[in-house]
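Both backbone and side-chain heavy atoms feed into the values below; hydrogens, waters and symmetry mates do not. Note on naming: letters A, B, ... go to the chains in the order of the sequence lines (proteins, then strands), and numbering restarts at 1 for each one.
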Amino acid sequence: MIFLKLFLEFFHIGLFSFGGGYATLPFLYRIAQIHDWYTVQQLSDLIGIASITPGPVGVNAATYAGFMTGGVAGAAIATVAVILPSFIIIIIVSRMLEKFRENKYVCSVIYVLKPAACGLLAAVGINMFMNNGYNFFGFLLLACLFASSLYDRKSPLFYLGISALVGLIAGFFNLTG
Amino acid sequence: MLLGGGYVILPILQNELVEKKNWLSDSELHEFYALGQSVPGIIAANVSVFTGYKLLGLSGAFAAIAGITMPAFLAIIVIARLVGEVSYLKFIQSIFWGVGVGVLMLIIMAVRELWARSVVDRFSYVIFFLSFVLSACFQAPPTVVIILAIFIGIWIQYQKRLENRE
């Protein structure tokens with residue numbers, strides 16, 4: 001039964017997440033709230049791991065979430081489920097490529113979907129920040145990373161690396177709260 | 001036929017598919033990339049399915065999707081096992097404490113990037129704000145917000161069409 005639920009949840013993520021990259025995040029966060037498959041804390045670890053593993057973050061996150069819920073079989077089911085909608089839709093769209101692209105309804109829907117997806121992601125950011133309950137030091141680290149990004153934007157790996165290192169050092173001085 | 005994993009970024013795709021393998025022309029790749037963003041799902045997976053399907057039909061699409069997911073799939077399972085084994089260690093927990101902050105930073109960056117591409121006028125600003133409030137304050141499921149956005153998009157175009165007719 002858990003496998004059917006996994007399949008349905010991730011199929012639905014594949015079907016409704018637009019915009020790539022972290023577009024699956026609001027859905028993954030929702031799962032953390034309504035199922036006890038993984039906690040928000042684990043979701044945060046998951047995104048970190050998915051971001052440093054080769055491959056698209058959305059697929060990696062599905063694999064990881066599936067693995068935590070139902071082992072290797074769960075991972076396989078979640079991965080297949082999250083890419084299956086793309087697969088089906090693209091096979092259909094490929095046949096009428098030109099028409100699809102120039103369709104005014106499609107353009108109009110995407111024009112609305114993009115800012116909506118952006119709003120969803122911003123909401124997840126706020127929710128995760130509140131949920132993680134960072135102490136002053138964590139907040140300071142985030143502020144420093146953000147300030148530095150305003151001057152010079154580095155790759156995601158850079159920020160993950162720095163914050164992991166700072167976490168490691170902070171742990172020795174019991175600053176991680 | 002395998003594409004390998006990690007081809008998230010356009011330049012890499014370009015190098016591999018257009019220049020090395022000659023599977024696609026430059027304009028085809030850009031079109032697939034644009035299309036990959038306008039159908040639901042993960043962009044890199046979408047582009048690989050488009051490419052595979054164009055080259056070899058259904059079997060090509062299968063091969064491409066398997067190629068782009070398999071390396072990541074195996075890597076994730078290994079890492080997930082490892083993390084499970086060592087997660088009780090104090091210094092691993094400290095590292096993940098830091099990674100948690102880093103992830104928030106990545107989300108901020110993703111939001112800024114999306115914002116630059118999507119919030120282009122007053123109307124899209126309103127949509128952003130509505131979606132944010134619905135999700136953050138009223139805990140609306142993301143699916144509901146997305147479906148609402150789809151309906152609004154259709155409705156706008158429908159109104160435009162009515163106006164043009166008059």
Side-chain angles (χ1 to χ4, degrees), chain A residues 14-18 20-22 26-27 30 44-45 47-49 53-56 58-60 63-64 67 75 79 83 85-87 89-90 93-94 104-105 108-110 112-116 118-123 125-126 129 132 138 141-142 145 156 159-160 163-164 166-168 171 176, chain B residues 5-6 8 35 37-46 49-50 53 61 65 69 71-73 75-77 79-80 90-91 94-108 110-111 114-115 118-119 124 127-128 131-132 135-136 141-143 145-146 149-150 152-154 156-157:
Chain A
L15 193 57
F16 285 106
S17 63
F18 280 89
Y22 287 176
F27 297 89
R30 180 81 185 167
S44 164
D45 300 351
I47 301 159
I49 289 171
T53 317
V59 178
N60 292 353
T63 309
Y64 195 99
F67 183 78
T79 309
I83 49 185
S86 316
F87 196 81
I89 290 171
I90 287 172
V93 168
S94 274
K104 287 207 169 120
Y105 283 97
S108 174
V109 165
I110 287 162
V112 182
L113 270 178
K114 277 185 178 174
C118 186
L120 286 178
L121 194 56
I126 298 284
F129 180 73
N132 282 5
L141 174 59
L142 184 62
L145 289 178
Y159 296 109
L160 279 180
S163 56
V166 172
L168 183 62
T176 53
Chain B
V8 200
L35 278 165
Q37 291 175 303
S38 45
V39 294
I42 291 129
I43 293 176
N46 292 348
V49 175
F50 269 124
Y53 189 71
I65 199 87
T69 43
F73 183 82
I76 287 281
I77 286 185
I79 292 175
K90 174 81 170 61
F91 81 96
S94 305
I95 290 178
F96 272 107
W97 177 88
V99 167
V101 178
V103 163
L104 285 175
M105 181 61 207
L106 296 193
I107 295 175
I108 294 174
V111 168
L114 265 178
W115 173 281
S118 65
V119 183
S124 46
I127 294 289
F128 169 86
S131 151
F132 178 78
S135 179
T143 314
V145 176
I146 293 291
I150 292 174
I152 293 174
I154 293 174
I156 291 174
Q157 183 54 33

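In this structure, the portion of A:I89 lying under 4.5 Å from any heavy atom of chain B is its side chain and not its backbone. The contact between B:F73 and chain A is made by backbone and side chain atoms together, counting heavy-atom distances below 4.5 Å. Proximity to chain B (any heavy atom under 4.5 Å) is shown, for A:P85, by neither the backbone nor the side chain. Only the side chain of B:I79 has a heavy atom closer than 4.5 Å to any heavy atom of chain A.
Formation of a donor-acceptor pair under 3.5 Å by the A:S163 side chain with backbone atoms of B:G98 is found in this model.
Contact count versus chain B (heavy atoms, under 4.5 Å) is highest, among A:F129, A:F67, A:F87, for A:F87. With chain A as partner, the option from B:V99, B:I77, B:V101, B:V119 having the largest number of non-hydrogen pairs under 4.5 angstrom is B:V101. Of the listed residues (A:V166, A:I126, A:T79), the one with the most heavy-atom contacts under 4.5 Å to chain B is A:T79. Most heavy-atom pairs under 4.5 Å with chain B: of the set A:G171, A:A164, A:G48, this distinction falls to A:A164.
Residues passing the side chain to side chain donor-acceptor pair (under 3.5 Å) test with B:N46, sequence neighbours excluded: A:S86. With sequence neighbours excluded, no residue forms a side chain to side chain donor-acceptor pair (under 3.5 Å) with B:S118.
Atom CZ of B:F132 sits about 10.5 Å away from atom CG of A:L121, to the nearest 0.5 Å. Separation of atoms CG (A:D45) and CD1 (B:I95) is listed at 11.5 Å; rounding is to 0.5 Å. Here the straight-line distance linking atom CD1 of B:I65 with atom CD1 of A:I83 works out to 4.0 Å at 0.5 Å rounding. Note that CD1 of B:I108 and CG of A:L145 are 8.5 Å apart. Values are rounded to the nearest 0.5 Å. Going from atom CZ of B:F128 over to atom CG of A:L120 covers 9.5 Å, rounded to the nearest 0.5 Å. Remark: A:I90 CD1 to B:F50 CZ distance equals 4.5 Å, nearest 0.5 Å.
When every heavy atom of A:G125 is checked against every heavy atom of B:I107, the shortest pair comes out as CA-CG2, 3.9 Å. For B:S94 against A:G167, the heavy-atom pair with the smallest separation is CB-O, 3.3 Å. Taking all atoms of both residues into account, the shortest heavy-atom contact from A:L113 to B:A149 is CD2-CB, 3.9 Å. Taking every heavy atom of both residues into account, B:S131 and A:A116 meet most closely at OG-O, 2.7 Å.
Side-chain contact between A:F16 and B:V145: absent, with no pair of heavy atoms (C-beta onward) separated by less than 4.5 Å. With a 4.5 Å cut-off on side-chain heavy atoms, A:S108 and B:I154 do not count as touching. Side-chain contact between B:L114 and A:Y22: absent, with no pair of heavy atoms (C-beta onward) separated by less than 4.5 Å. Side chains of A:L160 and B:V103 form a contact here, defined as non-hydrogen atoms less than 4.5 Å apart.
Atom NZ of A:K104 sits in a sparse spot, with 12 or fewer heavy atoms from other residues, nucleotides or ligands closer than 6.0 Å.
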Checklist line | Evaluation steps, side-chain contact (heavy atoms from CB on, under 4.5 Å), between B:L104 and A:Y159 | finding: CA-CA 10 Å; B:L104 285 175; A:Y159 296 109; over 6 Å; no

